Each structure stands twice: as structure tokens, then as C-alpha cells.
Amino acid sequence: MRLLISGYYGFGNLGDEALLRIIVERIRARVPNADIEVLSATPLLTARQLDVRSSPREQWRNVRRAIRECDVVLSGGGGLLQNATSSRSLLYYAGIVREAVRARRKSMIFAQSIGPLDRLGEFLVRQFCSGVSRATVRDERSRGLLQRLLPRTLVERTADPVFLYDPAAPAHDLSAEGLGPDSGQYAVISVRKSPGFRDGVETVAHAVDRLAGVHGIRSAFLPLGGAPDAEISTDIIRKCASAPVLLPECSLEKAGAIIAGSRAVIGMRLHALVLAARFAVPFLALAYDPKVNALCDDLRYPLEPLWEPGRRREPASADELVDRLIAEHDAISEHLAGDVAAIRAAAERNFDVLDDLIGE
């Protein structure tokens, strides 16, 4: 059984690489003889890290060859079918689905968030993805949107596969990062560059100072997206009166340990929030994209986002959210922990649907 996986892979984004790793591991656990190929921006690195075949994603001749040679094409996971990034990006990912359908290969939109889509974007998804065999999405908002665009395809709401991440034992020693057991409580801050986030910089800096000055919790910025995340993190740190630290890039195992050991998370990167929820760590979301709002909705999360595009919080409003994050810590943690088993089952459902598709 040959499977081809298409997504935002090989770019060094820890969240997407975690997603790919878990997808590959789960497929191998269920289909031991699976021959997996990944379209990647850095195919040699992807092949070495995951022991898969990998081809350059930008060479369309290779992409078409990979589609013709496989049995099943997976588009996902992640937020691929959207044109907020660019219509060119949407054309690429939707084009792979179209090629799979035209080649009469089994195809699946896998664990995706759908949108934002303007009218052109909706037209492209409707035209290019018509005929896809199966579809699973990470949130209810995405399910409603994709089901409307592809009424002949059964679209099932599941959950992000990163909810299935289990840390390896033994636990990481975080003393070198200044986050060891004798270092006191800390909060993890995960931000990324995004249009319109200029006013969010001040809000996050204010929240970091509130955590330090009122609650005695230091902040550590964790750049999940590499150098661009480190750059925007540095911009925020420079505006802080307190002394937050910028952590180096690290592995999934270490990032998971850092988040699991934190008192709270302020997160813009979706997978920082997914890992926080996975380990029942209370968080405040920076909802730069509808997929972040959708995650909070599906978790029935009790705290509204600290920042959203076009909405600048007054300092007193930000203070209230930070204070609630700490004062209601135990209740929020209990709420998240109570949902983890159901969410992990929903994440596993992606692979049930894939099994059904393979077995047809």
C-alpha cells in the first residue's frame, strides 16, 4: 500500500513537523507494510528523519509522478485549503487533490482546518476538490464550510492528530533553559508574524509584565516556527519591563516538556495551544486565524482570546484575563483534562476513516 502525504512539510515549522511525524507513526502502526512518500521542501531531511521516501514539493513533474505511483493521496493535515496566505498556495494544495481525483487515486482531505476562503477560494475548492474520496477536519466550523462546498463528500469533524502526542520517558531536564524544578513557575509564550499583529505586540508585552509583576510568573518565549518567530518574540521582549527569556529552537520532545511543565501558555501558534490542551495547561489564545477561534470553541474554552485582529484590548481588560488565567487555573486545567480522552479519540478517528478508505 503506497501512500502520498501532501502538506506544509520540510519548512522547519515544529507544529507541522509534529503533525507529519504523528501521521506517519499512526499509519505505520495500523498498516505495517505501508510505503509512505512525503512531498517536502527539504526531501532529504524529511526522508532521513522519518525513514520515508520524499520528493521535492515544488517540482510539479515529480508531484504528478508520485500521485500516479501511489494508491492513496492524503492532503493534510494542517490549514492548507485557505487563501488568506495566498491564492497561489490554495491552487497548489487544491491542485494536488484535483490531480489525485483525475488519476483515479483514492484521496482524502485529512485533519485539515478549512478557510478563510473568499469567493474565489470557495470556487477553487468546490471545483478542484470535487470527487475527493473522504474528508476529515479539525473543527466544527471547518466541517460546515467544507460540507457546503463539497455536498457529495461526507465530511467528518475529528481533531488535530497532535492531540495524540505522548511524551517519551524519561522527562527532559530543562535546567539548562532555566526552567528546572528549582527555577520557579513560568509561562510559555508562542507568537508568530501575522498581518495586523502590530497592536498585539503591546498587548502581549503588557500580559507578560502582569504575569511577572503581580503573579510572580516569569515568561519564556518558545519559537515554534524558527527564526521568524524568534524575531517577533524579540520585538515583544524589548517592550517588556520584566525580563522574559527567548528559548532556542528545540525538538518536539523538548517543546512538549516545556509546555507541559508551564503554569500557563499565551499562544498564537495553533500547536502551542493544542499541546497546552493536551497537557491540561490553561492558556490565553492570540486568535490571529479562525482556526484558533475554532479550537477554543470546540474545547468550550472559558476564557476569550487575549488578542484578535482589529480588536485592541485596553490594559485593564488584558489584566482581567491574565488574572483569571491564574486565579481559575485549577478549574480550567480540570476542564481541559476532562476533555482530553474524547479529543484524543476524535484525533484517532482520522486514521479510522483512512483505514476504511484503504480497505475499500
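If you're wondering where the values come from, they're calculated on a predicted model, not measured in any experiment.
Counting all heavy atoms, side chain and backbone alike, A347 lies closest to F163 at CB-CB, 4.3 Å.
Side-chain contact between S55 and L4 is absent, with no heavy-atom pair separated by less than 4.5 Å. The closest side-chain heavy-atom distance from R28 to I36 is below 4.5 Å. Put simply, the side chain of D297 does not reach to within 4.5 Å of the side chain of R141, judged on heavy atoms. In this structure the side chain of Y165 reaches within 4.5 angstrom of the side chain of P167, judged on heavy atoms. Taking the side chain as every heavy atom from C-beta outward, P223 and L246 approach each other to under 4.5 Å. At a threshold of 4.5 Å between non-hydrogen side-chain atoms, the residues I189 and S233 do not count as touching. Taking 4.5 Å as the limit, some side-chain heavy atom of L117 sits within range of a side-chain heavy atom of L90. By the 4.5 Å heavy-atom criterion applied to side chains, N13 and D229 are not counted as neighbours.
For R192, there are no salt bridge (Lys or Arg N to Asp or Glu O under 4.0 Å) partners at least two apart in sequence or on another chain. Residues forming a side chain to side chain contact (heavy atoms under 4.5 Å, CB included) with A280 (at least two apart in sequence, or on another chain): S333, L336, A337. Residues passing the side chain to side chain contact (heavy atoms under 4.5 Å, CB included) test with R126, sequence neighbours excluded: E122, R148, L149. Here L120 pairs with S87, D118, L124 under the side chain to side chain contact (heavy atoms under 4.5 Å, CB included) rule; sequence neighbours left out. Shown here are the salt bridge (Lys or Arg N to Asp or Glu O under 4.0 Å) partners of D330, two or more places apart in sequence or in another chain: there are none. Not counting sequence neighbours, the partners of S242 by the side chain to side chain contact (heavy atoms under 4.5 Å, CB included) test are V208, D209, A212, C240, P244. Applying the ring-ring contact (aromatic ring centres under 6.0 Å, His included) criterion to F11, with sequence neighbours excluded, gives Y8.
The neighbour count for E328 CD, taken as heavy atoms of other residues, nucleotides or ligands under 6.0 Å away, is above 12. Counting heavy-atom neighbours within 6.0 Å of E320 CD, excluding the residue itself, gives a total of 12 or less.
Side chain of T153 to main chain of V155: no donor-acceptor pair is present (N/O by atom type, distance under 3.5 Å, no hydrogens or angles). Using a distance-only test at 3.5 Å, with no hydrogens or angles considered, no donor-acceptor pair links the side chain of R152 to the main chain of G131. For H335 (side chain) and R300 (main-chain N/O), a donor-acceptor pair under 3.5 Å exists by modelled atom type. In this structure, S262 contributes its side chain and I259 its backbone to a donor-acceptor pair below 3.5 Å. Listed for the H271 side chain is no donor-acceptor partner under 3.5 Å among the backbone atoms of L14. Side-chain N or O atoms of K106 include one that pairs as donor or acceptor with a backbone N or O of L357 at under 3.5 Å.
Interatomic distance, CG of L19 versus CD1 of I5, reported as 9.5 Å (0.5 Å rounding). Note that CG of L211 is 10.0 Å distant from CG of D319, once rounded to the nearest 0.5 Å. Here L354 contributes atom CG and R349 contributes atom CZ; the two are 11.0 Å apart, rounded to the nearest 0.5 Å. The CG atom of L321 lies 9.5 Å from the CD1 atom of I266; values are rounded to the nearest 0.5 Å. For the atom pair OH of Y9 and OG1 of T46, the computed distance is 10.5 Å after rounding to the nearest 0.5 Å.
Residue pairs that meet the ring pair (Phe, Tyr, Trp, His ring centres under 6.0 Å) test with at least one member in residues 126-158, sequence neighbours left out, do not exist here. Pairs of residues two or more places apart, or lying in two chains, that qualify as ring pair (Phe, Tyr, Trp, His ring centres under 6.0 Å) and include a residue from residues 290-324 are F197-W307, F283-Y301. Identified under the ring pair (Phe, Tyr, Trp, His ring centres under 6.0 Å) test for residues 338-360, with sequence neighbours left out: F110-F351.
Of the candidates R278, R21, R26, D166 forms a salt bridge (Lys or Arg N to Asp or Glu O under 4.0 Å) with just one, namely R278. Of the listed residues (T158, N350, D160), just one forms a side-chain hydrogen bond (donor to acceptor under 3.5 Å, both in side chains) with R138, and that residue is D160.
The hydrophobic cluster containing L146 also contains F123, counting ILVMFWY residues as joined when their side-chain heavy atoms lie under 4.5 angstrom apart, directly or transitively. Cluster membership check: M108 does not share its hydrophobic cluster with I114, using side-chain heavy-atom separations under 4.5 Å among Ile, Leu, Val, Met, Phe, Trp and Tyr. Y92 and V38 are members of different hydrophobic clusters when ILVMFWY side chains are connected at heavy-atom separations under 4.5 Å.
Contact check on D323 versus R210 returns a salt bridge, with a Lys/Arg side-chain nitrogen under 4.0 Å from an Asp/Glu carboxylate oxygen. Using a 4.0 Å cut-off between a side-chain N of Lys or Arg and a carboxylate O of Asp or Glu, E37 and R65 qualify as a salt bridge. Comment: R324 does not engage E304 in a salt bridge, judged by the lack of any side-chain N to carboxylate O separation of less than 4.0 angstrom. A salt bridge links R30 and D355; the closest N-O separation between the charged side-chain nitrogens and carboxylate oxygens is under 4.0 Å.
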Which side-chain N or O atoms in residues 93-104 pair as donor and acceptor under 3.5 Å with protein atoms at least two apart or in another chain?
{"unit_1": "Y93", "atom_1": "OH", "unit_2": "R57", "atom_2": "NH1", "d": "2.9"}
{"unit_1": "Y93", "atom_1": "OH", "unit_2": "R57", "atom_2": "NH2", "d": "3.4"}

Throw together a table of side-chain donor-acceptor distances under 3.5 angstrom for residues 74-82, partners on residues two or more places apart or in other chains.
{"unit_1": "S75", "atom_1": "OG", "unit_2": "Q112", "atom_2": "NE2", "d": "3.0"}
{"unit_1": "Q82", "atom_1": "OE1", "unit_2": "A84", "atom_2": "N", "d": "2.9"}
{"unit_1": "Q82", "atom_1": "OE1", "unit_2": "T85", "atom_2": "N", "d": "3.0"}
{"unit_1": "Q82", "atom_1": "OE1", "unit_2": "T85", "atom_2": "OG1", "d": "3.4"}
{"unit_1": "Q82", "atom_1": "NE2", "unit_2": "G79", "atom_2": "O", "d": "3.4"}
{"unit_1": "Q82", "atom_1": "NE2", "unit_2": "T85", "atom_2": "OG1", "d": "2.9"}

